[in-house]
Structures are given as structure tokens and as C-alpha cells.
Trainee: 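Below is one structure. I have some questions about it.
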Amino acid sequence: MAEGRTRRYREPDVHQGSPWPFVIAIGAAVAYVGLIVSIPLMILGLVVFVSGAVGWLRDDLHTTPRAFFGTSGETGVLGKVSARKLATWLFLATEVMFFSAIIGAAWTIRFRTTSGPGALPWAYSGEILNVPGTALATFVLICSSLTMVEALSAIERGDQKHLRDFLLATMLLGITFLAFQANEFYHLYFVEHLTFTSSPYGINPNYGPAFYIQTATHGAHVTAGVLALAYTNIKAWKGGFTKENHETVELVGLYWHFVDVVWIFLFTLVYLI
Amino acid sequence: MAAETAMAAPVADAVEEPVKRPYVYVFVVLAVVTLVEVYISMQDFASIDRVSILIVLATFKASLVAAYYMHLRYEPRWVMLIPFAALALVFILVAALTASTGTLPPIPQP
């Protein structure tokens with residue numbers, strides 16, 4: 001597979017023809033249905049999902065896929081935007097809607113439970129949340145965006161060493177951010193007793209669930225990003241990316257930067273306002 | 001091989017150019033604006049002004065990341081339609097929620 005550059009563009013393996021995305025889709029569907037009707041079914045779905053993901057990554061680990069520009073061999077109206085990048089952007093658009101729904105729900109709860117007689121107020125900025133500490137965590141995430149884009153820049157020059165270094169730095173910064181968040185959750189839940197049903201200091205009891213659902217959803221996305229980076233790191237250490245074929249680095253980067261963008265808004269909407 | 005050469009050529013050309021992208025400058029701006037945001041959040045002035053300024057600054061930061069780190073600035077223009085289409089839907093969501101917030105009764109306390 002290492003002779004990827006010499007393959008003809010329209011050979012079937014350019015498209016991979018992998019069955020694993022299908023397995024992943026089935027697993028996700030079963031897991032979602034299970035979430036509603038039966039926990040064992042959900043676990044079964046998750047097992048199928050993870051098996052599909054592992055199978056797909058194992059396939060990918062041994063290839064150096066070039067940018068996939070579609071099936072016709074002509075770039076046409078899509079210009080130089082590959083099918084994979086287009087799909088990633090479409091996925092990110094759905095993520096925008098997903099986070100908007102969660103943030104919108106949180107703000108609706110905020111507005112509609114803090115008005116009226118006897119309503120308890122929302123926490124003001126810095127009342128219970130550690131703003132300076134989280135600003136530091138925000139800085140860490142911004143740093144990780146820089147290292148990610150520098151990793152891409154390195155492999156665009158064919159610089160394997162800097163690709164590996166920057167990818168590793170990005171992953172470690174992501175883990176650092178998660179450590180900040182885990183520490184914050186622990187402190188808020190067990191020390192401050194900000195739970196899903198109650199709040200300290202006379203703060204509105206809806207504050208806890210609104211806070212946790214927004215930040216934990218983002219944290220789950222960072223975790224997914226760290227896992228994607230772990231895979232990208234492994235592939236980079238095996239020399240799986242070249243100056244010509246490194247689209248995975250770019251696509252993982254797109255997701256990682258998106259997670260940063262979401263945090264930019266969450267930091268403002270949850271911590272500062 | 002002909003097809004291979006045809007596909008590889010534009011990519012190779014793009015790589016050979018001495019591309020200087022302002023990643024570090026963007027990083028510095030993002031870091032500084034974050035500090036400004038924290039400073040503003042601690043100031044005691046009209047809430048609506050503070051909220052407006054903070055949201056404008058967050059939007060500015062997000063735009064920088066999308067334009068430079070996510071390379072929207074360097075992609076064909078139409079790619080921007082994808083995030084903007086999502087943002088249009090977000091705008092509708094926010095407008096609908098804002099409108100309903102004023103008309104619906106407060107949710108009772110648990």
C-alpha cells in the first residue's frame with residue numbers, strides 16, 4: 001500500500017470500498033434505538049459501533065490515502081475540495097446545529113426560570129465558576145489549535161519530525177484541557193455541591209444541569225478529538241503521512257479547530273455572561 | 001498514470017509555493033482577545049453592553065479560527081456556504097427562542 005503514489009487515480013482502492021462505515025452506521029442506529037428502548041441493546045450497538053471504527057482505522061492505518069476528489073475523476077464544480085473534506089464540512093454544519101440546540105435550550109431555561117415571583121437568580125460571572133482558571137484552559141485550547149495547524153503546515157512541507165512533534169503537542173494540550181475540566185467538575189459537584197437538582201448560594205437550581213450539559217457535551221467532543229489525535233499520532237509515527245498524502249491530518253484538524261470554536265462561544269456564554 | 005499526474009499536479013504546485021500563513025499572529029490575537037474578554041467580564045457596566053461586547057469578541061475570535069486555522073480563507077468561496085447555511089438556521093433558532101421567551105410564561109421552579 002505504500003506505493004500509493006503510483007496507483008492509478010480511478011483504481012477501486014482509492015475509494016477503499018470499505019464495509020466498515022456501513023458497520024459503524026448500523027452500530028450507531030442500534031445504539032440510538034437502544035438508548036430509548038433497552039440499555040443492553042444500546043451496549044450491543046456501541047460494541048458494533050466501536051468494532052466498525054476499529055476495523056476502519058486498521059484499514060486506514062496501512063494506507064496513505066490521497067485526497068479523494070469524487071468518483072468521476074474530474075474535479076468539476078467542487079474545485080480542489082475533496083469529497084472527504086466536503087463531507088467533513090457538512091458534518092461540522094450538523095455539529096453547529098447540535099450545539100446551537102443545546103445552548104439555545106440552556107438560555108431558554110435561563111430566561112424562563114429566572115423571571116416571575118420567587119424565582120432564584122442565575123449565577124453571575126465568577127460567582128461559582130473559576131473564570132481565571134478556565135481562561136487558562138481556554139488558552140491551552142487555543143495553543144492546541146496553533147500546534148494542530150503547524151502540524152499540517154509541517155507535513156505540507158514534508159517535515160515528518162515537526163508533524164510528529166506538533167501532533168503530539170496537540171494531543172497533550174487536549175488532554176490538559178480535559179484535566180482542567182475534570183478537576184472543575186469534581187470541585188463544583190463534590191465541594192460546591194452544584195448538582196443536577198440543587199445549587200449552592202441561592203443560585204437557581206436549573207443552573208447546574210444547564211452548566212453541565214453544555215460543558216460536558218463539549219468535553220465529550222474534545223475527548224473524541226483526543227482519540228482521533230491519538231490515532232493520527234500513531235499513523236504519523238509509522239510514517240503514514242507524506243507531503244503528497246496527508247488529508248487525514250487536515251480533516252482531524254478541521255474537527256479540532258471546530259471544537260475550539262465551540263469553546264470560544266461556550267466560554268463567553270457560560271462563564272463570562 | 002496520466003490521471004495520476006493530472007491529479008497530483010495542482011497539489012504539488014500548491015506545496016511548492018512559499019506559503020506564509022499568519023498562524024502565529026492569529027494565535028497572539030486570540031490570546032490577547034481572551035484576556036480582554038476576561039477583563040471586560042469583571043467590569044461593572046451595563047449588562048446589555050457587556051454582553052454585546054463579549055459576543056462580538058467571541059464571534060471575532062471564532063471567525064479568525066475558521067478563516068485561518070480551518071483554512072476557509074484559502075478554500076474556494078463556495079465552501080463558506082456550508083457553515084453559513086448552518087448559521088442561517090442558527091439565526092432562525094435564536095430568533096424563534098427570543099420571540100417565544102417574551103410570550104411564554106416562566107417555567108415553575110423544581
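Sequence lines set the chain letters: A, B, ... in the order given, protein chains first and strands last, and positions in each chain run from 1. Note that the structure is predicted; figures quoted are calculated from it, not measured.
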Trainee: Given a strict heavy-atom distance threshold of 4.5 Å, which part of B:Val79 is in contact with chain A: side chain, backbone, both, or neither?
Mentor: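 For B:Val79, the contact with chain A is made by the side chain alone.
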Trainee: Does the separation of the ring centres of A:Tyr212 and A:Phe196 fall below 6.0 angstrom?
Mentor: yes
Trainee: Does either side chain, that of A:Arg110 or that of A:Thr114, offer a donor lying less than 3.5 Å from an acceptor on the other one?
Mentor: no
Trainee: Would you say the rings of A:His218 and A:Phe177 are close, in the sense that their centroids are separated by under 6.0 Å?
Mentor: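 Close enough - the centres of the two rings lie under 6.0 Å apart.
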Trainee: Answer with side chain, backbone, both or neither: which region of A:Ile103 has an atom nearer than 4.5 Å to a non-hydrogen atom of chain B?
Mentor: neither
Trainee: Among A:Ile142, A:Val262, A:Leu269, which residue forms the greatest number of heavy-atom pairs with chain B at distances under 4.5 Å?
Mentor: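 Of the candidates given, the most pairs with chain B belong to A:Ile142.
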Trainee: Take the angle between the ring planes of B:Phe27 and A:Phe139 and call it parallel below 30°, perpendicular above 60°, tilted in between.
Mentor: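 The rings of B:Phe27 and A:Phe139 sit tilted, inter-plane angle from 30° to 60°.
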Trainee: Using the ring pair (Phe, Tyr, Trp, His ring centres under 6.0 Å) rule, take A:Trp263 and A:Phe258 through it: C-alpha gap first, then chi angles, then the decisive distance, then the call.
Mentor: CA-CA 9 Å; A:Trp263 185 253; A:Phe258 171 78; over 10 Å; no
Trainee: Taking side chain as everything from C-beta outward and backbone as N, CA, C, O, which of these in B:Ser63 sits under 4.5 Å from a heavy atom of chain A? Side chain, backbone, both or neither.
Mentor: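 Nothing of B:Ser63, per the 4.5 Å heavy-atom cut-off to chain A.
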Trainee: Report yes if some heavy atom in the side chain of A:Val149 is under 4.5 Å from a heavy atom in the side chain of B:Met70; otherwise report no.
Mentor: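 No, their side chains stay 4.5 Å or more apart.
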Trainee: Any idea which of A:Phe111, A:Phe99, A:Phe265, A:Trp256 has the most non-hydrogen atom pairs under 4.5 angstrom with chain B?
Mentor: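 Winner by heavy-atom pair count: A:Phe265.
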Trainee: Is the closest side-chain donor-acceptor distance between A:Glu95 and A:His221 under 3.5 Å?
Mentor: yes
Trainee: Tell me yes or no: between the side chains of A:Thr147 and A:Ser144, is some donor less than 3.5 Å from an acceptor?
Mentor: no
Trainee: Chain B: which of A:Val96, A:Val131, A:Thr94, A:Thr138 shares the most heavy-atom pairs with it under 4.5 Å?
Mentor: A:Val96
Trainee: Residue by residue, which of residues 29-36 of chain B have a heavy atom closer than 4.5 Å to a heavy atom belonging to chain A?
Mentor: B:Leu30, B:Ala31, B:Thr34
Trainee: I'd like to verify something: which residue of A:Ile273, A:Leu272, A:Leu146 has the highest number of heavy-atom pairs under 4.5 Å with chain B?
Mentor: A:Leu146
Trainee: Other residues, nucleotides and ligands only: do more than 12 of their heavy atoms fall within 6.0 Å of OH on B:Tyr25?
Mentor: no
Trainee: Taking 4.0 angstrom as the limit, do A:Glu250 and A:Lys85 come out as a salt bridge?
Mentor: yes
Trainee: Is B:Leu89 in contact with chain A via its backbone, its side chain, both, or neither, using a 4.5 Å heavy-atom distance?
Mentor: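 Both parts, backbone and side chain.
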Trainee: With B:Arg21 as the cation and B:Tyr74 as the aromatic partner, state whether NZ or CZ is under 6.0 Å from the six-membered ring centre and within 45° of the axis.
Mentor: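 Yes, B:Arg21 sits over the ring of B:Tyr74.
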Trainee: So for B:Leu72, is it side chain, backbone, both, or neither that comes closer than 4.5 Å to the heavy atoms of chain A?
Mentor: side chain
Trainee: Can you tell which part of B:Val26 gets under 4.5 Å to a heavy atom of chain A, answering side chain, backbone, both or neither?
Mentor: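 For B:Val26, no heavy atom lies under 4.5 Å from chain A.
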Trainee: Is it the side chain or the backbone of B:Glu75 that comes within 4.5 Å of chain A heavy atoms, both, or neither?
Mentor: side chain
